[in-house]
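Input: a single structure, listed below in structure tokens.
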Amino acid sequence: MTDTILVLNAGSSSIKFSVHDGSRPTATILDGQIEGIGVAPRLVATSKALETSAEHRFASSEVPDHDAAIAKILVWLAEHSGGIRPVAAGHRVVHGGERFSGPVRIDATVLAEIERLVPLAPLHQPHHVAAIRALARIAPDLPQIACFDTSFHRTQDVLARSFALPRALTERGIRRYGFHGISYEYIASMLDGLAPTLARGRTVVAHLGNGASLCAMREGTSVATSMGMTALDGLVMGTRPGNLDPGVILHLMQREGMDAERIEQLLYHESGLLGVSGVSSDMRRLLASHEPTAREAIDLFVHRIVREVGSMAAALGGIDGLVFTAGIGENAPAIRAGVLGGCRWLGFEIDEAANLRGGPELTRPGSKALSFVVATDENSMIARHVRELLRIGSNSTPDE
Ligand code: ADP
């Protein structure tokens with residue numbers, strides 16, 4: 001049996017997981033998730049390599065927490081998937097703060113630092129900590145690696161990372177960090193094969209999923225990004241508003257009687273595409289809807305991307321390429337057409353037929369700036385880091 005790497009992405013009530021071939025991490029052996037932890041737990045997994053798919057439901061008392069969920073995943077892998085026993089695990093961790101500029105092996109000190117960052121990502125970080133602890137208890141000898149969504153942006157200069165707030169607050173860590181870094185790093189690693197001019201030039205990547213952001217890259221490194229200290233800033237998202245005049249928050253507190261908890265709910269769960277449309281946070285449903293408010297939500301989504309692409313181009317001093325990725329970026333030609341249409345002044349000439357086909361190249365021959373669709377794969381990026389850090393399968397052929 002080949003050495004395998006387990007990748008975990010733990011959320012509040014679900015843990016997504018995948019298993020990768022240790023010598024070729026881009027070869028995903030299996031994808032799955034356990035959802036409804038503590039409520040209606042259900043494990044689903046599919047594997048093209050093993051030609052199998054599975055669904056198991058559990059009583060809520062059987063999987064009350066992350067400990068139990070991780071135990072179920074490990075037992076299920078061992079019993080149902082050709083005896084997969086990972087030799088290492090990689091975790092997606094949303095916030096790496098000032099300290100982590102790349103992946104690290106987790107020990108007690110690293111875990112304490114990840115936990116110290118909980119206030120900067122209260123909706124995500126506690127669940128990563130819970131998953132890391134659970135795995136350490138269940139499989140104490142399994143090496144664990146943390147990969148951070150913020151690390152990729154550590155190359156940004158001080159201006160790109162600062163708010164214009166009193167210095168004492170900046171020194172306490174209140175600054176821009178940026179997110180979706182694992183996805184951006186994966187896309188950056190693909191640029192050479194796609195178009196060397198983009199790998200060496202000025203490229204904006206649009207990660208458009210439920211969460212959405214842009215990253216301006218020069219020679220594949222991050223120069224600016226639309227998300228700030230938290231994942232609320234920047235573009236319109238499924239349920240988050242993106243850029244918001246901070247005076248709105250004061251108004252909500254002082255005139256509408258909302259407290260911090262109510263505002264957190266509003267900003268993370270009730271705004272964005274859902275809030276504007278009143279129909280759904282899901283782009284597929286909005287595109288299929290005849291409600292005028294659904295159209296308005298889509299138009300606002302596109303309008304804000306176009307404005308932010310302009311801002312990213314300014315940070316780069318021009319633009320050579322725009323890459324679309326994630327659920328909406330990879331699958332919604334109408335959104336890509338809207339964005340490229342709005343960015344025509346930057347030199348993009350869309351090839352309508354190629355866009356409808358899903359690319360990969362979306363611009364016409366001769367277009368001054370190029371555009372592509374690239375499917376992101378955060379988990380295989382994490383598996384690549386685990387392999388490199390632990391030198392797994394170092395006797396076999398390198399992955400890339
Ligand atoms: P997450 O941020 O949760 O990982 P995804 O990257 O999976 O999100 O993106 C989810 C979004 O992608 C949803 O708004 C969904 O409607 C949208 N999406 C997925 N497939 C399509 C499609 N064929 N057309 C339009 N939107 C799509």
Side-chain angles (χ1 to χ4, degrees), residues 5 7-9 16 18-29 31 88 90-94 96 100-104 145-156 177-209 211-227 312 316 319-327 329-330 358-362 370-394 396-400:
I5 296 167
V7 174
L8 295 172
N9 181 355
K16 292 185 182 149
S18 56
V19 176
H20 303 255
D21 184 329
S23 356
R24 286 191 312 122
T26 47
T28 305
I29 298 173
D31 264 310
H91 294 265
R92 171 181 178 224
V93 177
V94 161
F100 300 113
S101 55
V104 287
I145 306 294
C147 295
F148 302 94
D149 258 326
T150 47
S151 298
F152 186 71
H153 303 296
R154 289 295 306 275
T155 49
Q156 291 179 8
Y177 292 92
F179 299 90
H180 291 137
I182 301 168
S183 172
Y184 290 131
E185 190 182 6
Y186 177 83
I187 301 294
S189 77
M190 303 301 281
L191 288 182
D192 234 347
L194 203 65
T197 43
L198 300 199
R200 289 195 291 272
R202 301 159 299 180
T203 300
V204 174
V205 180
H207 178 109
L208 308 177
S213 71
L214 299 182
C215 178
M217 295 181 194
R218 183 179 291 122
E219 295 184 15
T221 62
S222 174
V223 168
T225 191
S226 61
M227 277 180 173
M312 295 291 132
L316 289 166
I319 185 167
D320 300 305
L322 176 60
V323 175
F324 291 91
T325 193
E330 291 166 29
E361 187 160 1
L362 303 171
L370 308 180
S371 183
F372 288 87
V373 179
V374 181
T376 195
D377 188 351
E378 289 152 297
N379 284 12
S380 83
M381 192 69 235
I382 294 172
R384 268 152 72 174
H385 282 306
V386 172
R387 176 185 190 234
E388 279 157 26
L389 222 65
L390 298 176
R391 300 175 183 282
I392 294 167
S394 48
S396 46
T397 329
D399 192 39
E400 57 240 295

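Contact annotation: the side chain of L8 never approaches that of K16 to less than 4.5 Å [non-hydrogen atoms, C-beta and beyond]. Side-chain contact between I187 and V374: present, with at least one pair of heavy atoms (C-beta onward) separated by less than 4.5 Å. Counting heavy atoms from C-beta outward, M217 and L198 have side chains that stay 4.5 Å or more apart. When side chains are defined from C-beta on, F324 counts as touching L362, because their heavy atoms get closer than 4.5 Å. Residues M312 and S226 meet the side-chain proximity criterion, which asks for heavy atoms closer than 4.5 Å. Counting heavy atoms from C-beta on, the side chains of V323 and L191 come closer than 4.5 Å. Within the 4.5 Å cutoff, no side-chain heavy atoms of E185 are placed close to those of R384. Looking at heavy atoms from C-beta onward, S380 lies in side-chain contact with Y186 at the 4.5 angstrom threshold.
For the side chain to side chain contact (heavy atoms under 4.5 Å, CB included) criterion with I145, the lone passing option out of L390, I5, V7 is L390. Evaluated for a side chain to side chain contact (heavy atoms under 4.5 Å, CB included) with C147, the options I182, V104, V93, N379 yield exactly one hit, I182.
For A212, the side chain to side chain contact (heavy atoms under 4.5 Å, CB included) partners at least two apart in sequence or on another chain are L208, L235, M237. Residues forming a side chain to side chain contact (heavy atoms under 4.5 Å, CB included) with S151 (at least two apart in sequence, or on another chain): F148.
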>> side-chain contact (heavy atoms from CB on, under 4.5 Å) for E330 and T376? Distances and angles first, verdict last.
In response: CA-CA 9 Å; E330 291 166 29; T376 195; 3.8 Å; yes

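Closest approach of G211 to H180, counting heavy atoms only: C-CE1, 3.7 Å. The nearest pair of heavy atoms linking H20 to I29 is C-CD1, 3.9 Å. The shortest heavy-atom contact between H153 and Y184 is CE1-CD1, 3.8 Å. A pairwise comparison of heavy atoms in S213 and M227 identifies CB-CG, 3.9 Å as the closest pair. Minimum heavy-atom separation, S18 to T28: CB-CG2, 4.3 Å. Here the shortest heavy-atom pairing between L322 and A206 reads CD1-CB, 4.5 Å.
Here the side chain of S222 pairs no donor or acceptor atom with the backbone of Q156 at under 3.5 angstrom. In this structure a side-chain-to-backbone donor-acceptor pair under 3.5 Å is present from R387 to G22. Side chain of T225 to main chain of L214: a donor-acceptor pair is present (N/O by atom type, distance under 3.5 Å, no hydrogens or angles).
Side chain to side chain, S371 and E361 fail the donor-acceptor criterion of an N or O pair below 3.5 Å. Side-chain contact of T155 with T221: a donor-acceptor pair under 3.5 Å is absent, judged by distance alone.
Atom-to-atom distance recorded for M190:CE and L194:CG is 8.0 Å, nearest 0.5 angstrom. Going from atom CG of D149 over to atom CZ of R92 covers 4.0 Å, rounded to the nearest 0.5 Å. Atom OG1 of residue T325 and atom NE2 of residue H207 lie 6.5 Å apart, to the nearest 0.5 angstrom.
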